[in-house]
Amino acid sequence: MTDKSKAPDTITGSTDQRGEISRFPVPARPFVPPHTAADIRVWAPRAQSVVMLADDGGGQSEIPMRRDQAATGQDTAQWWVPEVERSTAAQPDLRYRFVVDGGEPVPDPRSVRLPDGVHGSSALHHLDEPSWSADDWRGIDVRGAVLYELHIGTFTAEGTFDAAIERIDHLVTLGVDVVEVMPINAFNGTHGWGYDGVAWYAVHEPYGGPDGFARFVDACHRRGLGVVLDVVYNHLGPSGNYLPRFGPYLTEGTNSWGSSLNLSEPDSDEVRSYIMANALRWLRDFHVDGLRLDAVHALVDHRAVHLLEELAVATDALALELGRPLSLIAESDLNDPRLILPRELGGYGLAAQWDDDVHHAIHAAVSGERQGYYADFGSLEGLSKVLRGGFFHDGTYSSFRRRHHGRPIPTDLVAAEALVAYTCNHDQIGNRAVGDRPSAYLTGGRLAIKAALVLLSPFTPMLFMGEEWAAQTPFAFFTSHPEPELGRATADGRRAEFADHGWDGVEIPDPQDPETFRSSKLDWSELDQMAHRRMFDFYRELIELRKCEEDFRRGDFASVTTSFDDAAGWFAMSRGEWVVICVLGGTETTVPVDLTPELWWDEPTIADGALRSNGHNVVIGRTR
């Protein structure tokens, strides 16, 4: 059995043909939080004047700033520094904002703490390095680990990092290896999904701020759990985005959520450095083990070296420096294996990517849903295809997109465990009109089928918080925009979007209604009920089986074979001597497979070399 808590011989990612970490022209300049006013620097290449408004508790003062002529390289005179005496004494109470060309005072683009929200003053802050107690943590490679996605605001009733720490024992008992935390960067309002962040270097204060997150990461590491953080580099939220005041961070081009980041137009070197330094700060300063990169298909980059490749190179270099593996996981709608191909083969060398096709194939086959992007999915042949090859759309025609889509994964060059698979995630639940979980409309047996196919597959499995006990609480889309007009626009846009898909607008919860947020919080008392405890125990046994049996630990495509019968309504996934038999129909079925059952949702009978099972059931066993 592989011990995932030990650092592997090779660091996550890949190197060039000479076995060396590649170097690219744009440096991943480390970000060092300022200790004093004299340490503060701001990039404002087109500004004519910059003034810092500083308040150390004794009153506000105006501090002129000058171009940093002492800088070397191409950034000379694009950075501004305050005209103050340098001091070695820290100024923990300092609050400050910038006035650029006589405009309204705004916070620092690299604010490490915003105690009064994204429109307030920046505060100096340093993590207390001696407070980290998990000194023996050697890191974890996410590939092949069991991931658990959670949203801090709804994981517990309190919605804080400290409250989440109190639930770590539950995750350890379940058997997961890595906690994947939805975005925690600062955004306007008290609660939201986190994808509207505008202050990427700050931690959302209602969750507990930077110190709270550090405590959470340290607590996870002490219990043997890795931490992956969800980060968003493809757009900024609609309220509190002051980056354009300082420089050309954005372009006139747009994606689905707003203006695109300037990754390849004039003055884009510092924008890329802004992103890369932020990513490395989470990995280095907050000790996280990996990053989940949101919607990388929305990163518009026309350079020969894509930002993702550059970030992968910098991450690998940091991993070598720290002596522990660091992982980058991409979310992508492209079905492009280049993300996870080694760099020596022309890929970006990321550790893994989310795979919606696996979700769609399993969900459509089990649930029977065919609306929207499920239209092409649902056949057992399609389910077989994704389990053996990773993508369903690998150059095939997508009726949802009305074009051909994707590219085949070279299964001899890429491991199956480089794909993250799930029965559901925040998108697949929250982007349903009412945010209903599969447990709201599927039987326990059908949920068990989905869980077994994901957790016993060769992919890297990920759970979404609460699915392990078939939680009945929804996970709806919720916001808390303080601006009334923005709140109305969000709610109206949500209703219009789902009306186009045939949903009754009256049914759709108002994202701005505080009850939409409150109802999305997990109800931990459900675990005291027999039906929910049964599902939890089944998930725990699946994870234990995955970890204890060599056949289920294999992360290669060659380890999977499938068989199925459309007419009879059964599907079998074989992993070595083990078989996962899924009875998808609702009636009693005979499956011509001779095995010794080891785990099941409903107990089957074995007679005459065949398995007889109730409908909506899954049985796992060894072939005879």
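Environment of CG in D412: crowded, with over 12 heavy atoms of neighbouring residues, nucleotides or ligands closer than 6.0 Å. Residue-environment remark: CD (Q529) exceeds the threshold of 12 foreign heavy atoms within 6.0 Å. Other residues, nucleotides and ligands contribute only 12 or fewer heavy atoms inside 6.0 Å of the CZ atom of R407.
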Distance-only check: which donor-acceptor pairs under 3.5 Å involve side-chain atoms of residues 562-571, not counting sequence neighbours?
{"residue": "T562", "atom": "OG1", "partner": "S384", "partner atom": "OG", "Å": "2.5"}
{"residue": "D565", "atom": "OD1", "partner": "A567", "partner atom": "N", "Å": "3.0"}
{"residue": "D565", "atom": "OD1", "partner": "A568", "partner atom": "N", "Å": "3.0"}

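Checked against side chain to side chain donor-acceptor pair (under 3.5 Å), T443 has no partners two or more places apart in sequence or in another chain. Remark: Y373 engages H360, F400, Q428 in a side-chain contact (heavy atoms from CB on, under 4.5 Å) (not counting sequence neighbours). Residues forming a ring pair (Phe, Tyr, Trp, His ring centres under 6.0 Å) with H221 (at least two apart in sequence, or on another chain): W137. Residues passing the salt bridge (charged side-chain N to carboxylate O under 4.0 Å, His left out) test with E526, sequence neighbours excluded: none. With sequence neighbours left out, R292 forms a salt bridge (charged side-chain N to carboxylate O under 4.0 Å, His left out) with D230, D294, E331. Looking at residues two or more places apart in sequence or on another chain, you find a side chain to side chain donor-acceptor pair (under 3.5 Å) between D336 and R338. Listed by chain and number, the residues in a side chain to side chain donor-acceptor pair (under 3.5 Å) with R612 are E588, T590 (sequence neighbours excluded). Considering only residues two or more places apart in sequence or on other chains, Y422 meets the ring pair (Phe, Tyr, Trp, His ring centres under 6.0 Å) condition with W354. In this structure D357 satisfies the salt bridge (charged side-chain N to carboxylate O under 4.0 Å, His left out) test with no other residue, sequence neighbours excluded. Not a single salt bridge (charged side-chain N to carboxylate O under 4.0 Å, His left out) links R575 to another residue, sequence neighbours left out. Contacts of E180 classified as side chain to side chain donor-acceptor pair (under 3.5 Å), with partners at least two apart in sequence or in another chain: none.
One N or O on the side chain of K547 and one on the backbone of G175 form a donor-acceptor pair closer than 3.5 Å. The closest donor-acceptor contact from the side chain of D218 to the backbone of S133 lies under 3.5 Å. Side-chain atoms of R546 come within 3.5 Å of backbone atoms of L455 as a donor-acceptor pair (strictly under, hydrogens ignored). A donor-acceptor pair under 3.5 Å is formed between the side chain of T460 and the backbone N or O of G144. A distance-only check finds no donor-acceptor pair linking the side chain of N617 to the backbone of V583 [under 3.5 Å]. Not a single donor-acceptor pair under 3.5 Å links the side chain of H297 to the backbone N or O of L334. Panel note: side chain S613, backbone T589; no donor-acceptor pair is recorded below 3.5 Å. Under the 3.5 Å distance criterion, the side-chain polar atoms of R370 are matched with a main-chain donor or acceptor of A364. Proximity of a side-chain donor or acceptor of R437 to a complementary backbone N or O of P474 within less than 3.5 Å is not detected. The backbone N or O of F391 sits nowhere less than 3.5 Å from a side-chain atom of K385 that would complete a donor-acceptor pair.
Contact of the E149 side chain with the V228 side chain is not registered, since no non-hydrogen atoms from C-beta on lie closer than 4.5 Å. Counting heavy atoms from C-beta on, the side chains of R167 and L522 never come closer than 4.5 Å. Inter-residue side-chain proximity for V618 and I449 is flagged as met; some heavy-atom pair is nearer than 4.5 Å. Using a 4.5 Å heavy-atom cutoff, the side chains of E166 and T156 are not in contact. Using a 4.5 Å heavy-atom cutoff, the side chains of V227 and W282 are not in contact. Side-chain contact between L584 and L380 is present, with at least one heavy-atom pair separated by less than 4.5 Å. You'll find the side chain of L318 reaches within 4.5 Å of the side chain of L326, heavy atoms only. Side-chain atoms of H170 and L527, non-hydrogen and from C-beta on, do get closer than 4.5 Å to each other.
In summary, the aromatic rings of F155 and W524 are positioned with their centroids under 6.0 Å apart. A centroid separation of less than 6.0 Å is found between the aromatic rings of F464 and F475. Aromatic rings of H405 and F392 (six-membered ring for Trp) have centroids beyond the 6.0 Å cut-off, not under it.
The aromatic rings of W193 and Y195 sit perpendicular, their planes meeting at an angle over 60°, well past the 30° parallel limit. Aromatic ring pairs are classed by plane angle as parallel below 30°, tilted from 30° to 60° and perpendicular above 60°; the pair F552 and W578 is tilted.
In this structure, R534 is positioned above the aromatic face of W601, its NZ or CZ under 6.0 Å from the six-membered ring centre and within 45° of the axis.
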>> Run F213 and I152 through side chain to side chain contact (heavy atoms under 4.5 Å, CB included) and show every step you take.
In response: CA-CA 10 Å; F213 184 50; I152 291 295; over 6 Å; no
> Can you check side chain to side chain contact (heavy atoms under 4.5 Å, CB included) on L225 and V176, steps first, answer last?
Replying inline: CA-CA 8 Å; L225 299 179; V176 301; 4.3 Å; yes
>> Working note: F459 + L453, criterion side chain to side chain contact (heavy atoms under 4.5 Å, CB included); need CA distance, chi angles, decisive distance, verdict.
In response: CA-CA 10 Å; F459 308 121; L453 286 174; over 6 Å; no
> Between L174 and Y148, does a side chain to side chain contact (heavy atoms under 4.5 Å, CB included) hold up when you go through it step by step?
Replying inline: CA-CA 10 Å; L174 176 61; Y148 186 96; 4.0 Å; yes
>> Please evaluate residues H359 and F377 with respect to the criterion ring pair (Phe, Tyr, Trp, His ring centres under 6.0 Å), reporting the C-alpha separation (whole Å), side-chain torsions for both, the decisive distance (0.1 Å), and the verdict.
In response: CA-CA 10 Å; H359 167 270; F377 296 88; 9.1 Å; no
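Contact check on D316 versus R343 returns a salt bridge, with a Lys/Arg side-chain nitrogen under 4.0 Å from an Asp/Glu carboxylate oxygen. Using a 4.0 Å cut-off between a side-chain N of Lys or Arg and a carboxylate O of Asp or Glu, E549 and R622 qualify as a salt bridge.
Side-chain atoms of H393 and T396 include a donor-acceptor pair closer than 3.5 Å. Side-chain contact, E467 with T423: a donor N or O sits under 3.5 Å from an acceptor N or O.
To the nearest 0.5 Å, atom CD1 of residue I362 and atom SG of residue C424 are 11.0 Å apart. Atom CZ of residue F557 and atom CG of residue L413 lie 11.0 Å apart, to the nearest 0.5 angstrom. To the nearest 0.5 angstrom, R553 atom CZ is 13.0 Å from L456 atom CG. Taking CH2 of W469 as the reference point, atom CZ of R533 lies at 10.0 Å (rounded to 0.5 Å). Separating the CG atom in L328 from the CD atom in E309 is a distance of 12.0 Å, to the nearest 0.5 Å. Going from atom OG1 of T315 over to atom CZ of R284 covers 11.5 Å, rounded to the nearest 0.5 Å.
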